[in-house]
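Start at 1 and go down the list; that is how both ligands and their atoms are numbered.
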Amino acid sequence: MSSLRPGLSVALVGKDARTEALAAACERSPLEPRTYRPSTTDAVAVLAELRKDPPDLVLVGPEAPLCAGLADRLEDELGVPCFGPRQRHARIEGSKAWARELLAKHGIGGNPEHRVFRDPTGLTGYLHALGEFVIKPDGLTGGKGVKVSGEHLDESEGAEYARALIESDGVVVIEEKLDGEEFSLQTITDGRTTRHCPLVQDHKRAFEGDLGPNTGGMGSYTVADHSLPFVNREDMAQAQAINDAVVNALAAELGSPYHGVLYGGFMATGEGVKLIEYNARFGDPEATNVLSILASDLVAVSWAATSETLEREDVSFDQRATVCKYVVPEGYPTAPASGGLIDATDLKPLVGEGRVRLYWAAVDADPGGWRARMTGSRALAVVGVGDSLEQAEQAAEEAAQRVGGAVRHRSDIGTAALLHKRVEHMEKLRS
Ligand code: AMP
Ligand code: GLY
């Protein structure tokens, strides 16, 4: 039986900057854990690897192993606590229809106008009535299946896309197209107690000025007061209340509590906060922001989440700002070059001064080094930390510019100019 004791062994499942940020936070723990990364993220293969010498605790970065039932098997077969929900709880991310229906059934606010279609009856009429709409496949698509009217499709193309999804998946979600500013609220929970992280804004578009195709996220920021300049007090309270209510609804609906991180993707609109989607894990890159300033012991916090004792655990964050910029291969995301070298050696002084943290992602080297070969996706997250957003942005920008190789990054993330645009947009919507 494992216990929370000095020198405990902690396995980290994931091969991304988010999981590296989890690992770095664990490695700061006064418990001096022995951290270990399985060689794969496939649930079955991870289980086989961990079975030989089970760790005391497992933290999972990405959603796929959770949706495949990794937490269930770790806990039921090996008796190992897992920071990350069981498969039935991870459905909040794995099925967008189920997530919308859970909120509706439990009377939780935040759903946009939407309908779940399991056959095409009434489909075209609904699209026409909405005018501007969003069509969402039900399951995991890596953020790439959502199509927005005007941007990706007109009404007849929308109907065609929705019909194809009903045919392939048996279900499609259609909702009103919202106008506003997106933000993420990540909530650590043991299924009863919730601890909210600072709000984060991600940047999904590939290029400066929010242009170009959607990506996994090009970077993100937090500000020192843990809110965001375009989010008002009511918005923040509303988002927190929605996450709290969903944690309770999951326990009531499924008969057991959710352990891990519940990530709410929200949009601040002229009519309050609306829910875009739920994820069953930290965001990537959002994890790199909040974990870089986590003041509490992540090992103790995640242990408390799995043992349902979070009530006794303080979860606090430094009152500092963070800016994450992802360094990606040239051509990302449409035609990324693969196999190129990326060199972060010139960042050593910035990292040494504590102004910047580095988290490797899609590279083929061991984390901890300064050079690697890129494998085609987001390669390196550089996170600037500072007393103000300006300081954090300058540190991140300087770091990103110093990275060598055929790479690029978005220089506008966390800048005053971009922030000003967001604030103006919200002021216009609220007036
Ligand atoms: P999702 O996979 O649900 O996060 O959707 C991907 C992206 O599509 C989001 O980050 C939003 O930018 C956009 N999106 C999703 N739902 C809506 C909506 N109802 N209105 C406007 N944009 C949306
Ligand atoms: N940054 C968006 C996500 O992690 O889903």
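In summary, the atoms of ligand 1 found under 4.0 Å from a heavy atom of E176, numbered by their order in the structure, are 18 (C), 19 (N), 20 (N). Shown in contact with K136 at under 4.0 Å from a heavy atom are these atoms of ligand 1, numbered in order with element: 3 (O), 15 (C), 16 (N). When each atom of ligand 1 is checked for a heavy atom of K177 under 4.0 Å away, the hits are 20 (N). Within ligand 1, the atoms closer than 4.0 Å to a non-hydrogen atom of E277 are 1 (P), 2 (O), 3 (O), 4 (O), numbered from 1 in the order shown. Heavy-atom proximity to K204, at under 4.0 Å, picks out these atoms of ligand 1: 10 (O).
Residues satisfying the side-chain contact (heavy atoms from CB on, under 4.5 Å) test with V247, not counting sequence neighbours, are T189, T194, L262. With sequence neighbours excluded, the residues satisfying side-chain contact (heavy atoms from CB on, under 4.5 Å) with S411 are E208, E397, H409.
At least one N or O atom of L178 sits closer than 3.5 Å to an N or O atom of ligand 1. Considering backbone and side-chain N/O atoms, N214 never comes within less than 3.5 Å of an N/O atom of ligand 1. For ligand 1, one of its N or O atoms has an N or O atom of E182 under 3.5 Å away.
A cation-pi contact, defined as under 6.0 Å to the ring centre and within 45° of the axis, links K147 to Y161.
The aromatic rings of F266 and Y278 sit perpendicular to each other, their planes meeting at more than 60°, with 30° as the lower class boundary. Using a 30° and 60° split on the angle between ring planes, F282 and F83 fall in the tilted class, from 30° to 60°.
Remark: E20 engages R37 in a salt bridge, criterion side-chain N to carboxylate O under 4.0 Å. Salt-bridge check for E93 with R281: passed, with a basic side-chain N closer than 4.0 Å to an acidic carboxylate O. We find that E393 and K325 are joined by a salt bridge, their nearest charged nitrogen and carboxylate oxygen being less than 4.0 Å apart.
Comparing heavy-atom distances from atom 23 (C) of ligand 1 across I174, I276, I135 singles out I276 as nearest.
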Should E151 and R205 be marked as a salt bridge (charged side-chain N to carboxylate O under 4.0 Å, His left out) after you check the CA-CA gap, both sets of side-chain angles, and the distance that decides it? CA-CA 13 Å; E151 198 173 307; R205 300 303 184 125; 2.7 Å; yes
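Distances shorter than 4.0 angstrom do not occur between any heavy atom of H114 and any atom of ligand 1.
Residue pairs meeting the salt bridge (Lys or Arg N to Asp or Glu O under 4.0 Å) criterion with at least one member in residues 181-196, sequence neighbours excluded, are E181-R422, R192-E308.
Side-chain N/O atoms of H106 and N248 include no donor and acceptor closer than 3.5 Å.
Contact residues of ligand 2 (protein heavy atom closer than 4.0 angstrom to a ligand atom; sorted by chain and number): D202, G216, Y263, N279, R281, G283, D284, P285, E286.
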